[in-house]
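Take a look at the structure set out below.
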Amino acid sequence: MESDQSPHAQIKGVVIISLPPPHNPSLGKTITAFTFSHPSPQPQPSLQQTHQHQSNTNSQHTDPPLQSHPSNPELTFSFRRLFHSTPVKLFSFFGVLLFALFLYGSVSSTTTQELRGPKNDDGAPNSFLFPLFPKFGVLGPKDVKLRLGKVVQKETILTQRNDGVSSVAVAVDSSSVFPVSGNVYPDGLYFTILRVGNPPKSYFLDVDTGSDLTWMQCDAPCRSCGKGAHVLYKPTRSNVVPSLDALCLDVQKNQKNGHPESLQQCDYEIQYADHSSSLGVLIRDELHLVTTNGSKTKLNFVFGCGYDQEGLLLNTLAKTDGMMGLSRSQVSLPYQLASKGLIKNVIGHCLSNDDVGGGYMFLGDDFVPFWGMTWVPMAYSHTSDLYQTEILGINYGNCPLRFDGQSKIVKVIFDSGSSYTYFTKQAYLDLVASLNEISGLGLVQIDSDTTLPICWQANFPIKSVKDVKDYFKTLTFRFGSKWWILSTLFQIPPEGYLIISKKGHVCLGILDGSNVNDGSSIILGDISLRGYSVVYDNVKQKIGWKRTDCDMPSKRLRKKNNFIPDSML
């Protein structure tokens, strides 16, 4: 408060502290504060009168009066003197301190409120409205996306290629889903549909996680082509990719014969594990997609225009128009979409385990199961971009199968482009030897059925694998640890390696892989991947699977993809 020595002094504030009576300290002290913002013409009550009024209100006992001291500029403040003074002075000091803190808090609260915006006429503060944006299925001029109600910046990742060319990959939450038709037997392949060109036309492509390049039969002219499901794709000169294009260099990195840089086109030649081949040139044309959120998009997509196909590949081209490359290569379909910011580099497929066949595949991470997945890390090779991991052991029932030589670890390749599963030489021989026991259970191996190398005949009619599955045991792949209890397991039941031939015999869908690839890897083909949702996460570099029925609602596909024929649904 101000000094009362000035004749014009006005009281700005009053702090009253009432101490408890000495004989009853449990009543506690009372602190009362008054402030006056404007001078009052009314006479002010004395401190003693105010104190007397407060004392009468709070207690019937008479407390010592609060004394004030005149200010003295020659007097220096000292905590030591304060603490050695009367208790009244000590409590007065803390009372003034609390009052000052109260005033400071009031001012701070008012300042914070004013920072929120101007007030309305009624004195209430305005609110700022922050818009929320839907997820973008197509990369556009906007630079935000919505994820669980939060607006965040797009994540931009700069990747440096081996050839020195940089590309920018933008992670966007969007996926495309494709219905899959086909079966292991008798078709021997699973295929889906792509729409390419301007105006867009539909083409059936074999779904192949073991291939880098997407290609289709091409009217270029075609020297050796299959019948195909549609009219051959016809490119123009402006569609041809030049030989110095970055993706051309990626395609040709593993080819034996290079091509002179003076060529105005990029040639490719692909050799497959079954010794089939495709020869052609690279083309850039419009690819049309529909994302899971219903948006349609198109992009310039690089693929192969094949004009010379050889080997067993010609058999599959009777029902399809080419191959969809889904590997980890930079020229693959998922990598090209991810590099343009349309999806995350995650793909997956789910092949139905029933007699009808079919299933679905997806590009992007929207269809990755949220729970129940089993994951193993990807293993890398300097010579291929295949999806592979390392396995520590295989069991047929309780019987372990040996690896070739002294090897304790074998690579396992997940290959949706392979109809059947291939074992290394020693593991295959051990499996066949273990299967000899079924001859005493009513199944006899026969040579008259050439559907597959090993088939059995029963003395009862066989309509499906369910009729004979009790004669066979589950195959178990062990990953991660030599200790069984700590291992990650991938189990293949009898229906995952047996088929019923047209003659009604049960045949072994696991083959000798001595002459496939380099003969040192196990290849998991479609027959063993059925009934699983298999995911290849190139972002987190892992492969996962989960048991599921692989049913895809046809109404949802028809609504979002009105160009898909009913035969594929």
Side-chain angles (χ1 to χ4, degrees), residues 184-185 188 208-210 272-275 312 351 353 376 379 381 384 386-439 443 445 449-456 465 468-469 471-480 482 484 487-499 501 506-532 534 543 545:
V184 173
Y185 182 81
D208 190 0
T209 59
Y272 292 99
D274 62 359
H275 306 292
L312 297 176
L351 308 178
N353 201 26
V376 293
S381 170
S384 72
L386 299 174
Y387 294 110
Q388 56 188 349
T389 185
E390 294 179 342
I391 188 174
L392 296 178
I394 309 176
N395 275 52
Y396 174 73
N398 295 324
C399 179
L401 307 182
R402 293 172 293 174
F403 295 151
D404 294 358
Q406 302 298 319
S407 176
K408 297 182 179 180
I409 297 177
V410 170
K411 294 280 180 63
V412 174
I413 300 171
F414 288 72
D415 185 6
S416 65
S418 175
S419 302
Y420 300 105
T421 291
Y422 294 84
F423 276 9
T424 55
K425 184 70 174 182
Q426 188 61 57
Y428 176 75
L429 293 176
D430 286 354
L431 175 62
V432 172
S434 298
L435 291 173
N436 288 333
E437 66 183 25
I438 66 174
S439 60
L443 295 179
Q445 185 173 341
D449 193 338
T450 58
T451 302
L452 288 167
I454 299 178
C455 295
W456 295 271
V465 175
V468 296
K469 65 177 299 182
Y471 292 85
F472 298 86
K473 300 176 182 178
T474 297
L475 280 164
T476 303
F477 285 50
R478 190 171 73 254
F479 303 85
K482 64 180 180 180
W484 186 279
S487 298
T488 300
L489 305 179
F490 181 86
Q491 294 186 319
I492 306 176
E495 54 267 33
Y497 62 85
L498 298 175
I499 68 163
S501 70
V506 55
C507 300
L508 178 63
I510 297 177
L511 308 177
D512 182 0
S514 300
N515 298 321
V516 177
N517 206 8
D518 58 1
S520 63
S521 300
I522 292 174
I523 298 176
L524 285 178
D526 293 335
I527 190 171
S528 301
L529 299 177
R530 294 177 301 171
Y532 280 103
V534 184
I543 303 172
W545 57 83

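Please read all numbers here as calculations on a predicted model, not as lab measurements.
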Would you compute the distance between atom CZ of Phe423 and atom CD1 of Ile510 and round it to the nearest 0.5 angstrom?
4.0 Å

Could I get the full list of side-chain contact (heavy atoms from CB on, under 4.5 Å) partners for Ser419, not counting sequence neighbours?
none

In short, Phe414 meets Leu529 closest at the heavy-atom pair CD2-CD2, 3.8 Å

Stepwise, does the side chain to side chain contact (heavy atoms under 4.5 Å, CB included) test hold for Ile394 with Val410?
CA-CA 10 Å; Ile394 309 176; Val410 170; over 6 Å; no

Closest non-hydrogen contact found for Lys469 with Pro494 is O-CG, 3.7 Å

Would you compute the distance between atom OH of Tyr420 and atom CG of Asp274 and round it to the nearest 0.5 angstrom?
13.0 Å

Is any side-chain heavy atom of Leu443 closer than 4.5 Å to a side-chain heavy atom of Phe472?
yes

Name all pairs fulfilling the salt bridge (Lys or Arg N to Asp or Glu O under 4.0 Å) condition that reach into residues 415-434, sequence neighbours left out, sorted by first residue then second.
Arg402-Asp430, Lys425-Asp512

Does Gly496 offer a backbone N or O that forms a donor-acceptor pair with the side chain of Ser528 under 3.5 Å?
yes

Over all atoms of both residues, closest heavy-atom pair of Ser434 and Cys399
OG-SG, 3.8 Å

Could you tell me if the side chain of Arg478 sits less than 4.5 Å from the side chain of Leu489, heavy atoms only?
yes

Roughly how far, to the nearest 0.5 Å, is CG of Asn398 from OG1 of Thr476?
9.0 Å

Side-chain heavy-atom pair Val465, Ile499 within 4.5 angstrom cut-off:
no

Is any side-chain heavy atom of Val468 closer than 4.5 Å to one of Trp456?
no

Here the gap from Asp526 atom CG to Leu351 atom CG, rounded to the nearest 0.5 Å, amounts to 5.5 Å

Shortest non-hydrogen pair, Leu392 vs Phe479, comes out as CD1-C, 4.5 Å

List the residues meeting side-chain hydrogen bond (donor to acceptor under 3.5 Å, both in side chains) with Asp208, not counting sequence neighbours, and say none if there are none.
Ser211

Applying side chain to side chain contact (heavy atoms under 4.5 Å, CB included) between Gln491 and each of Asn395, Thr474, Leu475, report the one that passes.
Thr474

State, yes or no, whether a side-chain contact exists between Leu524 and Phe477 at a heavy-atom distance under 4.5 Å.
yes

I need the minimum non-hydrogen distance between Ala379 and Thr389, along with the two atoms involved.
CB-CA, 3.9 Å

Tell me the closest heavy-atom pair linking Arg530 and Leu498, and the distance in Å.
NH2-O, 4.0 Å

Applying side chain to side chain contact (heavy atoms under 4.5 Å, CB included) to Phe403 and Ile391, what does each step give before you reach the verdict?
CA-CA 10 Å; Phe403 295 151; Ile391 188 174; 4.2 Å; yes

So do the side chains of Tyr396 and Leu401 get within less than 4.5 Å of each other, counting heavy atoms only?
yes

